[in-house]
2 protein chains.
Amino acid sequence: MKLDQIDRKVLDILQSNAKITNAQLSKEIGLSPAPTLERVKKLETSGIIQSYHAQLDREKVGLGVTTFVMVNLVGHKKMVTDLFVARVEEIPEIIECHHITGSGDFLLKVISHDIAAYQKLMLETINEIEEVASTQTMVILSTFKESKVMPIP
Amino acid sequence: MKLDQIDRKVLDILQSNAKITNAQLSKEIGLSPAPTLERVKKLETSGIIQSYHAQLDREKVGLGVTTFVMVNLVGHKKMVTDLFVARVEEIPEIIECHHITGSGDFLLKVISHDIAAYQKLMLETINEIEEVASTQTMVILSTFKESKVMPIP
DNA sequence: CTGTTTAGCCGCATAATATTGGGAGTAGAA
DNA sequence: TTCTACTCCCAATATTATGCGGCTAAACAG
């Protein structure tokens, strides 16, 4: 499926504000509501739009500490990474897990209530995973940009 | 503002599916539509729910390469970081920018069409920023978890 | 204990919004 | 030119959100 300029505009708008009404969206892209809705549905069924999410204020829900944890595993066989990934799936505080190139094997994004909770999670859960050889943490001091809008080429 | 169990459930559901109708949401939490809506509005006006976003399939919109870029700046004075952050704001391919502890100063999340586009961005834009002393890139080979739902304590 | 207040609930009526279907205009292919 | 496929608009209908009045139960002060 190929996107035209209007589709791109729709995607831009829905990325930054998913709660816009179809009527309003149609105005902003310069079409009437019917074809606008048709386009959105097409983007959804084709899988280009995967899902819609509410974005929460981490501080206000009591998750004030976010960290990136670089993980090295004890080996690089498929079994080792499979087991590691399976464990990661079960830990809700790990909200992202990427297999990466570079000096580490995996990069995790971890959210915690505070530093104490982070420490507890590391000591009692993450570093207890059999496949983990070592970890190195980067604590986020402040976040200057966290855009939910990707620039569509 | 303090959250009760029902609020938490609402937040859980809206994080994983923001497009749910109020009627459906009310069923899932076991209330009637009116107080359900009231709770959601309260969560929005209090700022606990910040915004709603559509999540796109990166591959399908032609953004197949995601990278983390660790950046070291030429100094640590406020002016240096301010100028750096201002430049970062202007670059849409940088979708996250965090000030971190550890061996780097900043960690960026960068999305590109392909490796060539990534290389061009690094050479012509990011490494051209005056305040950048050095960068180190981690290319994401695959992503095993990317949860949009944070576990509310 | 008891009267009072308050927060939170429900059901209903109404307003706003999404959604569907029919038909018309238009560009590209043959 | 003529056909085809596409995309659009308008208008009718179905869904959904929303505001209001009244009820109930828990919290609280006397």
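None of these values were measured; they are calculated from a predicted model. Letters A, B, ... are given to chains in the order of the sequence lines, protein chains preceding strands, and every chain is numbered from 1. Just so you know, these numbers use all the heavy atoms, side chains as well, and skip hydrogens, waters and symmetry mates.
When the shell of 6.0 Å around NZ of A:K120 is examined, it contains 12 or fewer heavy atoms from other residues, nucleotides or ligands. The 12-atom threshold is not exceeded at NZ of A:K27, counting heavy atoms of other residues, nucleotides or ligands nearer than 6.0 Å. A 6.0 Å sphere centred on CD of A:Q119 holds no more than 12 heavy atoms belonging to other residues, nucleotides or ligands. With a 6.0 Å radius and a threshold of 12 heavy atoms from other residues, nucleotides or ligands, B:E90 has its CD atom above the threshold.
For the pair B:Q136 (side chain) and B:V69 (backbone), a donor-acceptor distance under 3.5 Å is absent. A donor-acceptor contact shorter than 3.5 Å links the side chain of B:R8 to the backbone of B:L3.
Comparing the local axis fitted to the first five base pairs of the helix from C:dC1-D:dG30 to C:dA30-D:dT1 with the one fitted to its last five gives a bend of 30°, rounded to 10°.
Between the CG atom of B:L3 and the P atom of C:dG8 there is a distance of 12 Å, rounded to whole Å. In this entry the distance linking CG of A:L25 with C1' of C:dA16 reads 17 Å, nearest Å. Whole-Å rounding puts the A:L31 CG to C:dG25 P distance at 18 Å. Here the P atom of nucleotide D:dC9 and the NZ atom of A:K27 are 14 Å apart, to the nearest Å. The interatomic distance linking A:Q24 (CD) with C:dA16 (C1') rounds to 14 Å, in whole Å.
Checked against the 6.0 Å centroid criterion, the rings of A:F68 and B:H98 qualify as a close aromatic pair. Aromatic pair A:Y52/B:Y52: centroids not less than 6.0 angstrom apart.
Within residues 37-55 of chain B, the residues having any heavy atom under 4.0 Å from DNA chain D are, by residue number, B:L37, B:K41.
Screening A:L56, A:V61, A:D57 for a side-chain contact (heavy atoms from CB on, under 4.5 Å) involving A:E59 leaves a single residue, A:D57.
Donor-acceptor pairing under 3.5 Å is recorded for the side chains of B:H76 and B:D105.
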Can you pull every protein N or O that's under 3.5 Å from an N or O on nucleotides 11-16 of chain D?
none

Query raised in the report: salt bridge (charged side-chain N to carboxylate O under 4.0 Å, His left out) between A:K148 and B:E96: does it pass, once the steps are laid out?
Result: CA-CA 9 Å; A:K148 301 296 172 185; B:E96 293 184 26; 5.6 Å; no
